Q: 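Here it is: the structure, laid out below.
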Number of protein chains: 2
Amino acid sequence: MEEVTIKDIARLCGVGVSTVSRAINNHPDINPETRDHILNIIKEYNYIPNNSARNLKRTESKTIAILVKAIDNPFFSSMIRVFEKEIKYERFDFFLQHIDNNQDEIEVAIGLAKEKKLMGIVFLGGFSEHSEEALRQLKVPFVVSTVELDNSVEDCLYSFVSVDDKRESRRLADYLIGLGHRRIALLSAQKDDESIGRLRMEGYKSALSQHGIPIDEDLIVYTPKDCEVYSRRSGYVMMQQLMEREKDFTAVIAISDMVAVGACKAVFENGRRVPEDYSIAGFDGLPETFYYEPSITTIKQPLEEIAESSIKNLFYMIRHEEKAPNKKFEGELLKRESTRKIG
Amino acid sequence: MEEVTIKDIARLCGVGVSTVSRAINNHPDINPETRDHILNIIKEYNYIPNNSARNLKRTESKTIAILVKAIDNPFFSSMIRVFEKEIKYERFDFFLQHIDNNQDEIEVAIGLAKEKKLMGIVFLGGFSEHSEEALRQLKVPFVVSTVELDNSVEDCLYSFVSVDDKRESRRLADYLIGLGHRRIALLSAQKDDESIGRLRMEGYKSALSQHGIPIDEDLIVYTPKDCEVYSRRSGYVMMQQLMEREKDFTAVIAISDMVAVGACKAVFENGRRVPEDYSIAGFDGLPETFYYEPSITTIKQPLEEIAESSIKNLFYMIRHEEKAPNKKFEGELLKRESTRKIG
DNA sequence: TTGTAGGCGTTATCAT
DNA sequence: ATGATAACGCCTACAA
């Protein structure tokens with residue numbers, strides 16, 4: 001395992017290791033000629049500096065980690081493009097790493113912060129409730145993008161940026177009610193959901209209440225334990241259950257676009273039609289809903305704006321060492337073919 | 001920046017650092033009592049070992065990297081689950097890292113291999129042609145999953161595992177021909193594609209030729225430069241172009257499922273129907289095609305099998321220090337509603 | 001079973 | 001502008 005190290009390069013160039021280091025890191029006080037020479041030798045010998053050693057020694061690194069939960073979440077690609085652009089603009093480095101469901105995101109973050117001497121962290125696609133103690137461990141500013149949850153820990157630099165899930169969900173229900181629907185079903189997250197699922201459900205309930213429509217628990221279906229939440233399959237299964245109940249309803253709000261797609265399919269397989277038999281609406285504004293037939297009414301999250309605001313907040317905290325305020329964005333109601341006026 | 005280090009813990013426990021190290025790493029020769037005590041103190045002080053230091057010192061690490069290109073590719077989640085399971089079974093660690101389009105995957109891999117003392121690498125979702133020299137730099141066994149490309153470099157431990165894109169594509173075309181279609185269009189990748197796109201096109205052409213059907217270049221549409229390849233939008237745009245040409249055709253093969261979905265939408269917006277006016281087929285077997293209305297005929301890639309075989313090959317190479325053979329799997333033709341018999 | 005000391009590859013400090 | 005050298009935090013002989 002004959003690894004080339006900085007010493008080898010130094011010897012090969014007839015200079016000291018510190019000079020090589022200066023060449024690698026673009027330090028100012030180095031003779032341009034020697035630098036070029038060194039760089040050439042480095043190329044020739046395919047020398048690549050060992051990052052562990054660098055990180056160990058460095059005190060700062062100008063790098064930001066983006067920690068993604070649920071890699072298959074279709075949101076992320078557009079957001080990541082924004083992050084990338086802004087981070088490069090600030091002349092920072094970044095890397096993307098996945099966190100799987102049975103890892104504790106804060107623990108991973110703390111470890112990485114030490115290992116890589118991070119300047120900041122973006123959490124994407126899920127963030128659980130954490131103890132103050134855990135949060136305080138993470139001495140690096142971070143922003144949680146797409147989730148709202150603030151448990152408000154003092155002197156801990158973080159910020160949440162998201163859509164106002166409750167308000168948007170209410171808006172969607174309002175729209176259906178405006179179309180004349182009174183019996184509106186909800187395909188919800190799992191029963192014990194304490195996060196986005198609960199907020200969206202609250203929005204739904206609040207809209208109904210405001211219009212004097214009683215909430216019928218039989219029209220609320222929860223994601224079964226053996227289904228992945230927010231998945232097409234969960235929507236498919238829930239919609240089947242709902243239709244079997246033979247309750248009367250004319251519209252369905254799905255907790256997410258994917259769920260809406262699954263629900264539509266269940267309707268078709270049942271020999272009925274959307275929107276003629278049931279109006280169905282989703283939530284998120286994924287491209288898939290535009291291409292679906294019929295196109296699906298949904299609330300579009302302003303992902304690019306959320307991403308941009310997230311990263312701005314992060315840099316603010318890095319620069320000013322002071323908490324950036326949480327931010328909630330407005331969604332956009334996309335009125336499409338899967339919902340229609342009745343009555 | 002008062003970081004807790006192994007020395008602090010040692011002092012706190014009144015033992016030497018090596019004892020703490022033994023406790024952390026589950027070494028056998030340590031008194032269980034002292035170990036428990038140390039572990040408690042570690043918990044209490046929230047000590048987390050610095051990975052850079054560990055990796056620097058370590059000679060081996062039993063960890064495998066999964067390098068993912070195109071994070072938004074809908075394949076990956078099911079494959080990653082398989083990787084995870086197998087890797088854990090072998091008592092290795094792994095992590096997932098994203099590579100963006102303007103990074104050179106081999107360079108990243110070489111850097112990571114050094115930094116983390118990797119035992120192996122899985123490349124997922126794209127792999128370019130690389131020079132022998134570059135490949136040889138990477139002294140760690142690797143497997144490329146989902147792509148076939150072998151440029152056959154000696155004494156370099158790697159292996160490709162994928163579906164036989166050409167054969168499966170031919171099969172799909174055969175099926176359509178069997179249904180009576182003669183004028184079959186192809187929605188293809190970009191014109192200069194040298195990878196999967198080309199293979200699938202070859203399969204299409206070969207099927208037509210075998211059946212004595214002349215290849216009409218006007219029925220082949222290429223992904224425009226300003227469209228993302230394999231995207232719904234590209235399918236939408238290409239199908240529009242195709243219909244504008246007013247050429248006669250009865251069936252369409254899309255280079256991927258997403259492209260097929262976009263194509264269907266274009267048909268609907270044109271006031272026509274699938275499959276009554278056009279039969280449309282995709283490739284990949286993504287869940288989305290099942291939920292689409294009409295459900296889309298496609299070739300399903302056996303992703304779990306591919307993943308399993310990939311990781312098996314990787315461990316084989318790690319253990320035996322000898323190249324594992326490339327492997328090509330059969331796809332499964334899913335005959336669904338988007339295609340029909342004519343004539 | 002435990003502690004001491006040296007070194008992993010780099011960067012930072014201090015001379016020169 | 002350059003070079004020697006001491007850390008960085010950990011692991012691992014080796015000694016005790």
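Keep in mind the model is a prediction, meaning the values are calculated, not measured. Chain letters run A, B, ... following the sequence lines, proteins first, then strands; residues in each count from 1.
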Q: Of all the heavy-atom pairs spanning Asn46(A) and Lys114(B), show the shortest one and how long it is.
A: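 Closest approach of Asn46(A) to Lys114(B), heavy atoms only: O-NZ, 4.5 Å.
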Q: Is the shortest distance from a Lys or Arg side-chain nitrogen in Lys116(B) or Glu115(A) to a carboxylate oxygen in the other one below 4.0 Å?
A: yes
Q: Main chain of Glu33(A), side chain of Asp36(A): is a donor-acceptor contact present, judged purely on distance under 3.5 Å?
A: no
Q: For DNA chain C, which nucleotides open and close the run of contacts to chain A, 5' to 3', at under 4.0 angstrom from a non-hydrogen atom?
A: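 The footprint of chain A covers dG9(C) to dA12(C).
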Q: Enumerate the protein-to-nucleotides 14-16 of chain D contacts in which both atoms are nitrogen or oxygen and the separation is below 3.5 Å.
A:
none

Q: How would you summarise protein contacts on nucleotides 5-11 of chain D per nucleotide, using B for base, S for sugar-phosphate only and - for none, with heavy-atom distances below 4.0 Å?
A: B-BBBBB
Q: Identify each donor-acceptor pair in which a side-chain atom of residues 79-94 of chain A lies under 3.5 Å from a protein atom, sequence neighbours left out, and give them as a table.
A:
residue	atom	partner	partner atom	Å
Glu84(A)	OE2	Lys88(A)	NZ	3.1
Glu90(A)	OE1	Arg319(A)	NH1	3.1
Glu90(A)	OE1	Arg319(A)	NH2	3.3

Q: Do any N or O atoms from the side chain of Asn51(B) and from the backbone of Gly111(A) form a donor-acceptor pair under 3.5 angstrom?
A: no
Q: Considering all heavy atoms of both residues, which atom of Ala109(B) and which atom of Ile121(B) are nearest to each other, and what is their separation?
A: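 Result for this residue pair: CB-CD1, 3.7 Å.
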Q: So which pairs with a foot in residues 47-76 of chain A pass ring pair (Phe, Tyr, Trp, His ring centres under 6.0 Å), sequence neighbours left out?
A: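 Sorted result for residues 47-76 of chain A: empty, none.
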Q: Remember a base hit wins even if backbone is also touched, and classify Thr59(B) as base, sugar-phosphate or nothing at under 4.0 Å, heavy atoms.
A: nothing
Q: Against the six-membered ring of Tyr158(B), is Lys323(B) placed for a cation-pi contact (under 6.0 Å from the centre, within 45° of the normal)?
A: yes
Q: Strictly by modelled atom types, are Arg54(B) and Asn25(B) linked by a side-chain donor-acceptor pair under 3.5 Å?
A: yes
Q: Salt-bridge test for Lys69(B) and Asp100(B): reply yes if a basic N is under 4.0 Å from a carboxylate O, no otherwise.
A: no
Q: Check Thr19(A) against Ile30(A) and note the closest heavy-atom contact, atom names and distance.
A: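 Heavy-atom minimum between the residues: O-CD1, 3.7 Å.
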Q: Would you classify Asn31(B) as touching base, sugar-phosphate or nothing, given that sugar-phosphate means primed atoms plus P, OP1 and OP2, and contacts are heavy atoms under 4.0 Å?
A: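 The answer is sugar-phosphate, as Asn31(B) gets under 4.0 Å only of primed atoms, P, OP1 or OP2.
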Q: How bent is the helix from dT1(C)-dA16(D) to dT16(C)-dA1(D), measuring the angle between the end axes built from five pairs each, rounded to 10°?
A: 40°
Q: Taking it one step at a time, do Gln97(A) and His98(B) satisfy side chain to side chain donor-acceptor pair (under 3.5 Å)?
A: CA-CA 7 Å; Gln97(A) 193 167 313; His98(B) 178 249; over 6 Å; no
Q: Is Lys327(A) salt-bridged to Glu148(A), cutoff N-O under 4.0 Å?
A: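 Salt bridge: no.
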